[in-house]
Amino acid sequence: MQHIGGVRTALFNYFFARSRGGAFVLRIEDTDRSRFHPEALRDIYDTCEWLGISADEDPRRGGSHGPYVQSERQELYREYAEKLIAAGRAYYDYTSAPRGDNAGAEDAEGAEDAAGARDGADAAAGADAAAPSPYNYEGRDLTPEQIEEYKAAGVKPVVRLLVPQEGKTEFEDLVLGRIKRKNKDLPPDPILVKSDGFPTYHLANVVDDHLMEITHVLRAQEWVPSTPLHLLIYEAFGWQPPRFAHLPMVMGKDGSKLSKRHGATSVIEFRRQGYLPEAVTNYVTLLGWSYDDSREFFSRNDLEELFSIEKINKAPAVFDYKKLDWFNGQYLRELPEDRLLEELLPWVEDTGWTVKPADESDRKRLRGLLPLIRERLKLLSDVVPLTRFLYENVDSWNAEDLVPKKATAADALRWLDGAWRVIEETGLDDEDAVDQAIRAAAEELETKVGNLMMPLRVAITGSTVSP
C-alpha cells in the first residue's frame with residue numbers, strides 16, 4: 001500500500017516536474033517478483049487518481065519511452081548487462097549459488113513503484129537499502145575449469161558490477177550538498193542481474209532513467225549509500241548521470257521513522273477515515289518543503305507553480321496527526337455546499353439511516369444540517385457521531401459525560417433538572433426565550449450557563465459534541 005513517505009516522494013516529483021514544464025512519468029518497478037501483488041499495483045493507480053497526480057506517461061496511457069513496466073523490459077536489461085560484461089565492467093558470478101539472488105544485500109529490491117519526471121525528477125519510493133553483504137569477491141577470478149564445473153552442476157550465475165577498489169566516487173546532492181565515498185568502502189560488487197534473470201533495482205533503474213531521459217532523481221535518503229554504485233554504472237556505460245536530490249526522512253513525533261505504531265500511514269487508511277485529498281496533498285507536501293516561514297495553504301495549482309528543490313529542507317520532517325486533522329477541518333469549512341454534501345452522503349448512507357443511494361428527502365435533510373455541523377467537522381466521518389441522535393433514538397449514555405469538569409454527579413443532576421424545567425416551561429419555539437431562561441436558571445443555581453448546557457446536550461444527543 002502507498003505510505004506517507006512514498007506518497008511524499010511522488011508529490012515532490014510531480015510538483016517539481018510541473019514547475020519545470022517537464023513530463024511526469026509513472027514507472028512500475030516489479031522486478032522483485034516475491035514482493036509483487038496486483039492489488040498493490042491497483043493501489044498505486046487509485047492513490048494517484050485520488051490525489052490528482054496525473055502522469056503524462058505511464059503503463060495505461062503509454063508514451064514514447066515505454067514499456068513502463070520493468071518486467072516487460074527484461075530483454076533490454078540483459079542486453080545492457082552483456083554490454084557491461086563485454087567492456088570488463090561486470091562479470092558472471094557462479095559462487096553465490098544456490099541463492100545468488102540473495103547475495104549482496106545492498107542489492108536492495110523494494111521500490112516497486114517509481115515516479116519520474118523528464119526534465120523533472122525520478123522517485124524511488126519506499127525502499128530501504130539493506131546492510132552490506134558478506135560477499136568477498138570470490139566470483140571474480142574463477143578459472144574456466146571451475147566455471148564448467150558450476151555449469152555442469154546446473155548453477156545459474158548472477159551478474160555483478162565490478163567495483164573499482166581505488167579512487168572515490170562523489171556527487172553534488174541538490175539537498176544534502178557534496179557527498180564523497182571511497183570506492184573500497186562501497187558494498188562489494190553488487191548484483192545487477194539475479195540468477196532468475198531479473199535485474200536488481202541498481203541496473204534496471206539506471207538503464208530506465210537513462211533511456212527515459214530522466215534528468216533529476218528525487219528519492220528517499222535511504223538511497224544515499226547506493227548512489228555511488230549507480231554513478232559507477234552510469235560511468236561504466238559512458239552515460240551522463242541525472243542530478244540527485246535525496247529527501248529528508250518522515251518521522252513520528254517520538255523521533256523514530258514513521259510507522260504503523262504511530263497510527264495510520266497508508267493513504268488508503270487516511271481516505272477511509274474521511275480525509276480530503278486536497279488536505280492530504282497540502283499537508284504531506286509541507287513535510288520537508290516550505291515556501292516561506294508563514295504560508296501553509298496551497299492549492300494543487302499553487303504547488304505546480306511554486307515548488308522548487310531549493311526549498312526542500314535537510315532536516316527530518318515530523319508527521320503530526322493533529323496538524324493533519326486541523327488542515328482537513330480547514331478544507332472542509334471551505335468546501336462549496338454541494339461538494340460537501342456529496343462527500344458526506346456516503347457516510348450517512350453506510351449507516352443505513354437513508355436509502356442507498358440517498359433520495360431527495362434524505363439529501364435535503366442532510367443539506368439542512370450542514371450549517372450546524374460544518375464548523376465541527378475535522379473528518380468526513382465525523383458526520384456520523386454529530387448527527388446520530390437525529391437518526392436514531394438515544395437510549396444509552398456515558399454517565400461520566402453528564403458530569404462537567406470539577407463537578408460531582410449530584411451537581412450534574414441538579415443542573416440537568418434545572419435545564420429540563422426550562423425546556424418544559426419555555427418550549428423550543430423561541431430560541432431567544434430559551435437562551436434567556438437558561439441564563440436565568442444558571443444564575444439561580446449559582447453556576448455557569450455551560451454547566452446546564454452540557455448535561456442537557458448529553459441527555460438529548462448522547463454525546464458531548466453535537467450541533
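Owing to the predicted nature of the structure, the values given are computational and were not obtained by experimental measurement.
For the salt bridge (Lys or Arg N to Asp or Glu O under 4.0 Å) condition, the pairs that include at least one residue of residues 276-294, sequence neighbours left out, are Glu278-Arg339.
The backbone N or O of Ser463 sits nowhere less than 3.5 Å from a side-chain atom of Asp401 that would complete a donor-acceptor pair. Although no hydrogens or angles enter the test, the distance criterion places no donor-acceptor pair under 3.5 Å between the side chain of Thr9 and the main chain of Arg219. Counting only distance, with no hydrogens or angles, the side chain of Arg89 and the backbone of Ile85 share no donor-acceptor pair below 3.5 Å. Looking at Arg376, its side chain never comes within 3.5 Å of a backbone N or O of Val383 through a donor-acceptor pair.
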Tell me, with the steps shown, if Arg181 and Thr227 meet side-chain hydrogen bond (donor to acceptor under 3.5 Å, both in side chains). CA-CA 10 Å; Arg181 293 289 186 272; Thr227 304; over 6 Å; no
Test Val25 against Asp58 for side-chain contact (heavy atoms from CB on, under 4.5 Å), laying out the working first. CA-CA 6 Å; Val25 181; Asp58 65 22; over 6 Å; no
Where do Leu176 and Gln221 land on the side-chain contact (heavy atoms from CB on, under 4.5 Å) test, with the steps shown first? CA-CA 9 Å; Leu176 302 177; Gln221 283 187 12; 3.5 Å; yes
Report the C-alpha separation of Tyr283 and Asn328 in whole Å, then their side-chain angles, then the decisive distance to 0.1 Å, and conclude whether the side-chain hydrogen bond (donor to acceptor under 3.5 Å, both in side chains) test is met. CA-CA 9 Å; Tyr283 179 66; Asn328 205 63; over 6 Å; no
Determine whether Glu57 and His65 satisfy the following criterion, side-chain contact (heavy atoms from CB on, under 4.5 Å), listing intermediate values before the conclusion. CA-CA 8 Å; Glu57 302 174 29; His65 298 81; 3.5 Å; yes
Take His216 and Leu174 through the test side-chain contact (heavy atoms from CB on, under 4.5 Å) and record every step on the way to the result. CA-CA 10 Å; His216 291 71; Leu174 295 174; 3.7 Å; yes
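Taking the centre and axis of the six-membered ring of Phe307, the NZ or CZ atom of Arg18 falls outside the cone set by 45° and 6.0 Å. Judged by the 6.0 Å and 45° rule, Arg8 forms a cation-pi pair with Phe12. Geometrically, Arg365 engages Tyr391 in a cation-pi contact, judged by NZ or CZ lying under 6.0 Å from the ring centre and within 45° of the ring axis. Annotation: cation-pi pair Lys83/Phe237 absent, no NZ/CZ under 6.0 Å from the ring centroid and within 45° of its normal.
Here the CG atom belonging to Leu287 is positioned 7.5 Å from the CD1 atom belonging to Ile4, to the nearest 0.5 angstrom.
Using cut-offs of 30° and 60° on the angle between ring planes, the pair Trp239 and His210 is parallel. Taking the six-membered ring where the residue is Trp, Tyr234 and Phe244 present perpendicular rings, their angle passing 60° and hence far from 30°.
Ala81 approaches Val193 most closely through the heavy-atom pair CB-CG2, 3.8 Å. Taking all atoms of both residues into account, the shortest heavy-atom contact from Asn282 to Phe297 is OD1-CA, 3.3 Å.
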